[in-house]
Amino acid sequence: MFALVQVEDFDQGELYARLKQSADEKACGNTGAIVTFTGLVRDFNNVGDIDGIELEHYPGMTEKALMLLVEQASERFSLNSAGALHRVGRIHNNEQIVWVGAAAPHRQAAFDAACYLMDMLKQSVPLWKKEFKGDKSEWVAAKASDDKAALKWMRKK
């Protein structure tokens with residue numbers, strides 16, 4: 001399992017290989033499914049076009065919260081391994097921002113775990129987002145839709 005927070009872009013293939021190796025070491029070939037998700041920065045918000053975002057974090061705390069989330073997903077869905085990476089700093093439109101992966105004996109657990117990781121990440125990992133356009137920027141408030149997505153997992157055990 002792994003959880004990373006970094007400024008630099010990432011290689012999806014390297015993250016997949018790391019996840020698979022971790023699952024193989026734990027499960028001795030008992031992995032039947034790996035599901036990954038990569039999120040990109042959108043070039044718009046609810047008002048119009050933007051040029052990108054800037055993410056701030058609390059070093060140490062953010063990594064710890066992300067690792068705790070990965071561990072919770074692993075336990076909840078009986079995963080062979082899980083991983084997550086979130087970028088911070090200034091990230092332009094259409095660049096990669098987040099990656100999650102789940103390796104499990106069966107596909108449904110891997111799909112559910114990947115969805116859980118993404119839905120819960122926005123609620124449980126301390127990251128603060130600003131959107132920018134030109135030389136102006138504005139902090140982004142939490143969305144009700146993100147709260148609703150996380151709440152469905154809190155109700156479902």
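Distance check: Asp119 CG to Ser124 OG gives 10.5 Å after rounding to the nearest 0.5 Å. Distance CE/Met120 to CG/Leu68: 10.0 Å, rounded to 0.5 Å. To the nearest 0.5 Å, atoms CZ (Arg90) and CD (Glu95) are separated by 11.0 Å. Here the CD-NZ distance, from Gln21 to Lys26, works out to 15.0 Å after rounding to the nearest 0.5 Å.
Ring pair His106/Phe77: centre-to-centre distance not below 6.0 Å.
Without hydrogens or angle criteria, Glu63 side chain to Gly60 main chain gives a donor-acceptor distance under 3.5 Å. Of the possible donor and acceptor atoms, one in the side chain of Asp51 sits under 3.5 Å from a partner among the backbone N and O of Gly134. In this structure, Lys133 contributes its side chain and Glu138 its backbone to no donor-acceptor pair below 3.5 Å. Of the possible polar contacts, none joining the Ser74 side chain to the Val70 backbone as a donor-acceptor pair under 3.5 Å is found. With hydrogens and angles ignored, the 3.5 Å screen pairs no side-chain donor or acceptor of Asn94 with any backbone N or O of Asp43.
Between Tyr16 and Thr36 there is a side-chain heavy-atom pair separated by less than 4.5 Å. Side-chain contact check for Asp9 versus Arg87: some heavy-atom pair is nearer than 4.5 Å. You'll find the side chain of Gln72 reaches within 4.5 Å of the side chain of Leu69, heavy atoms only. Within the 4.5 Å cutoff, the side chain of Lys130 has no heavy atoms near those of the Ile53 side chain. You'll find the side chain of Leu127 reaches within 4.5 Å of the side chain of Thr62, heavy atoms only. In this structure the side chain of Phe37 reaches within 4.5 angstrom of the side chain of Val98, judged on heavy atoms. By the 4.5 Å heavy-atom criterion applied to side chains, Leu4 and Phe10 are not counted as neighbours. Side-chain contact between Arg18 and Glu14 is absent, with no heavy-atom pair separated by less than 4.5 Å.
Note on Leu19 and Leu79: separate hydrophobic clusters, where clusters join Ile, Leu, Val, Met, Phe, Trp and Tyr whose side-chain heavy atoms are under 4.5 Å apart, directly or indirectly. Note: the hydrophobic cluster containing Met61 does not contain Leu66 (ILVMFWY, side chain heavy atoms under 4.5 Å, direct or indirect links). Val125 and Val7 fall within a single hydrophobic cluster, where Ile, Leu, Val, Met, Phe, Trp and Tyr side chains are chained together by heavy-atom contacts under 4.5 Å. The hydrophobic cluster containing Leu15 does not contain Tyr116, counting ILVMFWY residues as joined when their side-chain heavy atoms lie under 4.5 angstrom apart, directly or transitively.
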message = side chain to side chain contact (heavy atoms under 4.5 Å, CB included), that's the test. Do Met67 and Met1 meet it? Break it down for me.
response = CA-CA 8 Å; Met67 188 64 195; Met1 288 190 293; 3.8 Å; yes
Side chain to side chain contact (heavy atoms under 4.5 Å, CB included) between Val5 and Leu85, worked out = CA-CA 6 Å; Val5 176; Leu85 182 148; over 6 Å; no
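Ring-plane geometry between Phe132 and His92 is classed as perpendicular, the angle between the planes exceeding 60 degrees on a 0 to 90 degree scale with a lower cut at 30.
Between Ala103 and Ile34 the shortest heavy-atom distance is CB-CG1, 3.8 Å. In terms of heavy atoms, Gly52 sits closest to Val41 at CA-CG1, 4.2 Å. In terms of heavy-atom proximity, Thr31 sits nearest to Ala23 at OG1-CB, 3.5 Å. The shortest heavy-atom contact between Ala84 and Val100 is CB-CG1, 4.1 Å. Of all heavy-atom pairs spanning Ala113 and Ala102, the tightest one is CB-CB, 3.7 Å.
Under the side-chain contact (heavy atoms from CB on, under 4.5 Å) test applied with Val88, the options Glu54, Gln6, Lys129, His57 reduce to a single match, His57.
Counting non-hydrogen atoms of other residues, nucleotides and ligands closer than 6.0 Å to CD of Glu75 gives a total of 12 or fewer.
Between Gln96 and Thr38, the side chains place no donor N or O within less than 3.5 Å of an acceptor N or O (distance only, hydrogens not considered).
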